[in-house]
*Asks:* 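Structure below; questions to follow.
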Amino acid sequence: MGTGTASAAAWQLRWSPDPARDGLNAFEGLEDDRAGSHSGVKHIYVEGDHWRFDMHTRDRDGSDRQRNECKGMRQNGSILKINKDTTWRLSYQAFWPSSLTATTRFTHIMQMKVQDVGGPLWTLTPRQKSKPTLTVLTLKDDDSNTEHVLGDYAPLQNKWLDIEFEFKASNSGGYLAWSIKEGSTVRASGRTTNVDLWRDKNYLRPKWGIYRSIESSGLQNTYQLIRNYRAYQLV
């Protein structure tokens with residue numbers, strides 16, 4: 001009889017776009033001023049070693065909101081799909097300026113969604129409560145949200161931060177873990193299993209950029225910068 005040994009699961013790099021090489025082809029698609037509210041202006045573009053997502057107070061995506069986001073991942077020309085019961089780790093570096101304010105309505109700066117199905121499974125969002133906070137919103141099976149407050153938002157602005165999400169895309173046994181680091185210092189971390197991470201249709205794809213309501217005071221022309229995108233799959 002043979003005496004084979006099973007190999008241990010390991011993280012495999014699946015997505016590592018380069019701004020100079022891949023440009024906007026790093027993504028499955030863009031949602032850049034879909035309503036044509038700011039004609040002739042590109043809101044998502046490469047700037048040096050990073051991608052830049054601009055938002056102006058005049059921009060619209062419907063009557064009450066704004067959206068300039070990229071969606072999905074494309075590696076070597078092929079769309080990278082997050083399928084059922086697979087485990088992934090997404091990491092990137094983000095820069096949030098003072099002008100990217102927390103709001104009393106919604107301002108989403110990262111979302112995980114299922115193509116054409118319902119709301120986001122989780123969201124990274126600065127929120128104005130008694131003070132500006134950074135929050136992860138997760139979705140339960142009954143479509144209600146759980147709010148995970150990561151901490152004060154202002155100390156996380158105007159600097160490059162390392163963002164990481166690890167998750168299993170499952171109805172049963174799924175989980176989401178997150179961390180935010182400034183250099184070697186962990187600024188926030190958490191994990192939850194009380195989350196719906198599969199919709200029984202299509203596939204998961206991340207979104208980055210700015211998606212916000214205009215029904216908040218204090219909105220400014222602003223931007224988000226992102227670099228060093230990486231996606232690993234546990235295989």
Side-chain angles (χ1 to χ4, degrees), residues 9 11-17 22-35 43-44 51 53 61-62 64-92 94 106-125 135-148 163-178 191-213 224 226 229-235:
W11 292 105
Q12 181 182 90
L13 181 63
R14 299 291 307 278
W15 186 53
S16 55
D22 302 303
L24 299 181
N25 290 324
F27 311 111
E28 181 180 340
L30 303 178
E31 294 174 343
D32 183 338
D33 189 22
R34 296 184 299 182
H43 299 83
I44 306 171
W51 287 267
F53 302 82
D61 188 74
D64 63 345
R65 60 196 60 202
Q66 307 173 297
R67 185 198 300 270
N68 291 320
E69 293 182 302
C70 68
K71 56 186 178 183
M73 305 174 287
R74 192 182 297 273
Q75 182 73 13
N76 298 324
S78 298
I79 294 172
L80 191 57
K81 298 181 179 181
I82 298 173
N83 291 314
K84 186 178 183 181
D85 295 332
T86 57
T87 301
W88 292 77
R89 181 179 289 160
L90 299 180
S91 64
Y92 60 98
F106 63 86
T107 294
H108 300 337
I109 53 180
M110 187 273 176
Q111 302 181 77
M112 180 63 72
K113 299 192 72 174
V114 178
Q115 181 187 14
D116 303 325
V117 182
L121 302 179
W122 84 75
T123 304
L124 183 64
T125 178
T135 298
V136 171
L137 296 175
T138 56
L139 195 69
K140 297 179 183 178
D141 288 335
D142 64 2
D143 283 348
S144 63
N145 278 317
T146 301
E147 184 173 353
H148 311 267
I163 317 296
E164 183 177 284
F165 292 97
E166 182 182 312
F167 60 99
K168 184 176 182 181
S170 288
N171 283 321
S172 177
Y175 69 91
L176 172 67
W178 57 85
R191 188 180 190 275
T192 182
T193 57
N194 190 14
V195 59
D196 180 6
L197 286 175
W198 190 251
R199 289 288 202 177
D200 295 316
K201 185 177 180 181
N202 297 331
Y203 57 94
L204 274 61
R205 64 183 180 192
K207 303 183 76 175
W208 292 275
I210 301 173
Y211 173 44
R212 67 183 183 179
S213 168
Q224 178 178 192
I226 297 181
Y229 282 112
R230 298 290 185 271
Y232 301 86
Q233 185 180 0
L234 189 64
V235 293

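When a residue number appears, it is its place in the shown sequence, counting from 1. Source: prediction; values computed, not measured.
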*Asks:* Among pairs that include at least one residue of residues 74-83, which meet side chain to side chain donor-acceptor pair (under 3.5 Å), considering only residues two or more places apart or in two chains?
*Replies:*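 Residue pairs with at least one partner in residues 74-83: there are none.
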*Asks:* So K84 and D200, side-chain contact (heavy atoms from CB on, under 4.5 Å) or not? Walk me through it.
*Replies:* CA-CA 8 Å; K84 186 178 183 181; D200 295 316; 4.2 Å; yes
*Asks:* Starting from the C-alpha separation in whole Å, work towards a yes-or-no answer on side-chain hydrogen bond (donor to acceptor under 3.5 Å, both in side chains) for E166 and Y232.
*Replies:* CA-CA 9 Å; E166 182 182 312; Y232 301 86; over 6 Å; no
*Asks:* Between K71, K113, R205, K207, which is the residue that forms a salt bridge (Lys or Arg N to Asp or Glu O under 4.0 Å) with E28?
*Replies:*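 It is R205; the other options fail the test.
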*Asks:* Calculate, to the nearest 0.5 Å, the distance between atoms CE and CG belonging to M73 and L204 respectively.
*Replies:* 9.0 Å
*Asks:* Looking at every non-hydrogen atom in both residues, tell me the closest pair between L24 and L30 and how far apart they are.
*Replies:*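 Shortest heavy-atom separation between L24 and L30 comes out as CD1-CD1, 3.6 Å.
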*Asks:* Given the rule in the side-chain contact (heavy atoms from CB on, under 4.5 Å) test, do Q66 and I210 qualify, once you have shown the distances and angles that lead to the verdict?
*Replies:* CA-CA 8 Å; Q66 307 173 297; I210 301 173; over 6 Å; no
*Asks:* Ignoring hydrogens and angles, tell me if any N or O in the side chain of N68 forms a donor-acceptor pair with the backbone of D33 under 3.5 Å.
*Replies:*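 Judged by distance alone, yes, a pair lies under 3.5 Å.
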*Asks:* Measure from the ring center of Y229 to the ring center of W15 and say whether it is less than 6.0 Å.
*Replies:*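 Yes - the distance between ring centres of Y229 and W15 falls below the 6.0 Å cut-off.
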*Asks:* For residues W198 and Y203, report the shortest heavy-atom separation together with the two atoms involved.
*Replies:*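 That would be CH2-CA, 4.1 Å.
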*Asks:* For residues D196 and N171, determine if any side-chain heavy atom of one lies less than 4.5 Å from a side-chain heavy atom of the other.
*Replies:*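 Yes, at least one pair of side-chain atoms sits under 4.5 Å.
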*Asks:* Is the side chain of W51 donor-acceptor paired with the backbone N or O of G209 at a distance under 3.5 Å, no angle test?
*Replies:*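 Absent.
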*Asks:* Of all the heavy-atom pairs spanning N202 and Q115, show the shortest one and how long it is.
*Replies:*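 It is ND2-O, 2.7 Å.
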*Asks:* Rounded to the nearest 0.5 Å, how far does CZ of F167 lie from CG of L121?
*Replies:*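 Reported value, rounded in 0.5 Å steps: 9.5 Å.
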*Asks:* Once rounded to the nearest 0.5 Å, what's the spacing between atom NZ of K168 and atom CD1 of I82?
*Replies:*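 Separation between the atoms: 14.5 Å.
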*Asks:* List for me each residue that meets side-chain hydrogen bond (donor to acceptor under 3.5 Å, both in side chains) alongside D32, sequence neighbours excluded, and say none if there are none.
*Replies:*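 Counting only residues at least two positions away or on another chain, D32 forms a side-chain hydrogen bond (donor to acceptor under 3.5 Å, both in side chains) with H43.
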*Asks:* Taking all atoms of both residues into account, what is the closest heavy-atom pair of T107 and T125, and its distance?
*Replies:*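 That would be O-OG1, 2.6 Å.
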*Asks:* How about Y92 and M110: do any of their side-chain heavy atoms sit closer than 4.5 Å?
*Replies:*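 A side-chain contact under 4.5 Å exists here.
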*Asks:* Using 0.5 Å steps for rounding, measure from the CG atom of L176 to the OG1 atom of T146.
*Replies:* 11.0 Å
*Asks:* So R14 and W88, do their side chains get closer than 4.5 Å, heavy atoms only?
*Replies:* yes
*Asks:* Between S91 (side chain only) and I163 (backbone N and O only), is there a donor and an acceptor less than 3.5 Å apart?
*Replies:* no
*Asks:* Closest heavy-atom contact between D22 and P17?
*Replies:* OD2-CA, 3.3 Å
*Asks:* Using a 4.5 Å cut-off on heavy atoms from C-beta on, say whether the side chain of L234 contacts that of R89.
*Replies:*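 The answer is no, as the side chains (C-beta and beyond) never meet within the 4.5 Å cut-off.
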*Asks:* Side chains of S170 and L197, heavy atoms from C-beta outward: is any pair under 4.5 Å?
*Replies:* no
*Asks:* Report yes if the side chains of F53 and E69 come closer than 4.5 Å at any heavy-atom pair, otherwise no.
*Replies:*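 Sidechains of E69 and F53: no contact.
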*Asks:* Run the side-chain contact (heavy atoms from CB on, under 4.5 Å) test on L139 and R199 for me, step by step, so that the C-alpha distance in whole Å, both residues' side-chain angles and the decisive distance to 0.1 Å come before the verdict.
*Replies:* CA-CA 11 Å; L139 195 69; R199 289 288 202 177; 3.0 Å; yes
*Asks:* With no hydrogens and no angle check, just 3.5 Å: does a side-chain donor-acceptor pair link N194 and T192?
*Replies:*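 There is no such pair between these side chains.
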*Asks:* So how far is it from R191 CZ to Y175 OH, rounded to the nearest 0.5 Å?
*Replies:*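 Separation between the atoms: 6.0 Å.
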*Asks:* In Å and rounded to the nearest 0.5 Å, what is the OG1 to NE2 distance from T138 to H148?
*Replies:*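 So the gap between those two atoms works out to 3.0 Å.
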*Asks:* What are the two closest heavy atoms between I44 and C70, and how far apart are they?
*Replies:*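 Closest pair (atom of I44, atom of C70, distance): CD1-N, 4.1 Å.
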*Asks:* Do the side chains of M112 and P206 get nearer than 4.5 Å, heavy atoms only?
*Replies:* yes
